[in-house]
Amino acid sequence: QVQLVESGGGLVQPGGSLRLSCAASGSILTIYAMGWYRQAPGKQRELVARVPSGGSTNYADSVKGRFTISRDNAKNTEYLQMNELKPEDTAVYYCNARIWTMRGISYSDFWGQGTQVTVSS
């Protein structure tokens with residue numbers, strides 16, 4: 001029905017940069033918000049950044065000033081530019097989107113499969 005496909009994860013040294021992408025496809029009527037979450041081993045999934053339609057973005061305090069989230073509404077795609085990466089940023093990063101589908105009666109949350117980001121020297 002709806003698929004979120006992520007790309008861009010990998011291994012990077014501390015201080016380096018990565019750019020994650022997430023493309024939504026399927027029976028999409030409208031997307032309210034898109035965001036990124038992450039989950040490190042032994043920890044709960046946490047919000048990294050989120051951008052609603054027509055609203056201001058919000059970031060986790062730990063990534064403010066280093067990460068930038070953006071959307072291309074024409075392509076139903078979001079991006080996460082990650083700079084000055086630290087070892088504590090190591091986690092599986094998940095794309096999230098709140099979508100009203102063609103047959104939906106309300107917004108529903110959809111998730112990508114996750115992409116591994118490892119920051120290590």
Side-chain angles (χ1 to χ4, degrees):
Q1 187 180 8
V2 172
Q3 298 83 37
L4 301 183
V5 179
E6 302 151 351
S7 61
L11 173 64
V12 64
Q13 292 186 343
S17 298
L18 282 175
R19 188 189 193 214
L20 304 182
S21 301
C22 173
S25 62
S27 58
I28 297 170
L29 185 60
T30 186
I31 299 177
Y32 168 64
M34 299 190 81
W36 292 93
Y37 291 72
R38 67 186 181 186
Q39 187 167 18
K43 295 187 177 181
Q44 290 188 335
R45 189 174 297 189
E46 63 175 359
L47 173 69
V48 176
R50 188 171 182 262
V51 53
S53 295
S56 58
T57 58
N58 58 293
Y59 294 92
D61 288 342
S62 59
V63 307
K64 283 180 181 177
R66 300 187 297 122
F67 291 10
T68 302
I69 188 172
S70 60
R71 285 174 61 172
D72 184 336
N73 292 327
K75 296 181 179 179
N76 288 337
T77 299
E78 65 167 338
Y79 307 94
L80 184 68
Q81 178 65 42
M82 304 184 293
N83 299 328
E84 301 175 34
L85 282 160
K86 304 175 180 180
E88 51 263 43
D89 294 318
T90 296
V92 177
Y93 284 69
Y94 296 91
C95 168
N96 167 266
R98 184 158 291 179
I99 297 172
W100 197 302
T101 63
M102 295 293 186
R103 295 184 177 182
I105 58 173
S106 64
Y107 284 105
S108 298
D109 280 319
F110 294 87
W111 294 89
Q113 78 282 3
T115 185
Q116 177 70 46
V117 171
T118 302
V119 185
S120 175
S121 55

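The basis for the numbers below is simple: all heavy atoms, side chains too, and nothing from hydrogens, waters or symmetry mates. Throughout, residue positions are numbered sequentially from 1 according to the sequence presented. Small disclaimer: the values here were computed from a predicted structure and weren't measured.
The closest donor-acceptor contact from the side chain of Gln1 to the backbone of Ser27 lies at 3.5 Å or more, if one exists at all. Side-chain atoms of Ser53 come within 3.5 Å of backbone N or O of Tyr32 as a donor-acceptor pair. Without hydrogens or angle criteria, Tyr59 side chain to Arg66 main chain gives no donor-acceptor distance under 3.5 Å.
The shortest non-hydrogen separation linking Asp89 to Tyr93 is O-OH, 2.6 Å.
Contact of the Phe67 side chain with the Ile69 side chain is not registered, since no non-hydrogen atoms from C-beta on lie closer than 4.5 Å. Counting heavy atoms from C-beta outward, Ser70 and Gln81 have side chains that stay 4.5 Å or more apart. Trp36 places a side-chain heavy atom less than 4.5 Å from the side chain of Cys95.
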Could you list the donor-acceptor pairs under 3.5 angstrom formed by side chains in residues 43-50, with sequence neighbours left out?
from  : atom 1 : to    : atom 2 : distance (Å)
Glu46 : OE2    : Arg38 : NE     : 2.7
Glu46 : OE2    : Arg38 : NH2    : 3.3

Using distance only, find each side-chain donor-acceptor pair of residues 8-21 under 3.5 Å and give its atom names and separation, not counting sequence neighbours.
from  : atom 1 : to    : atom 2 : distance (Å)
Ser17 : OG     : Asn83 : OD1    : 2.9

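Atoms CE and SG, on Met34 and Cys22 in that order, are 4.5 Å from each other to the nearest 0.5 Å. Taking CG of Asn73 as the reference point, atom CD of Glu78 lies at 11.0 Å (rounded to 0.5 Å). Note: Ile31 CD1 to Thr101 OG1 = 11.5 Å, rounded to the nearest 0.5 Å.
The aromatic rings of Trp100 and Tyr107 stand perpendicular to each other, their planes meeting at an angle above 60°, with 30° marking the opposite boundary.
We find that Asp61 and Lys64 are joined by a salt bridge, their nearest charged nitrogen and carboxylate oxygen being less than 4.0 Å apart.
Leu80 and Tyr94 end up in different hydrophobic clusters when Ile, Leu, Val, Met, Phe, Trp and Tyr side chains are linked at under 4.5 Å. At a threshold of 4.5 Å between side-chain heavy atoms, the hydrophobic network of Ile, Leu, Val, Met, Phe, Trp and Tyr places Val63 and Val51 in one connected group. Neither Tyr37 nor Tyr79 shares a network with the other; the hydrophobic side chains, linked directly or stepwise wherever heavy atoms of I, L, V, M, F, W or Y lie under 4.5 Å apart, form separate groups for each.
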**Request:** Start with the C-alpha distance between Leu4 and Gln113, add both sets of side-chain angles, then the distance that settles side chain to side chain contact (heavy atoms under 4.5 Å, CB included), and finish with yes or no.
**Result:** CA-CA 8 Å; Leu4 301 183; Gln113 78 282 3; over 6 Å; no

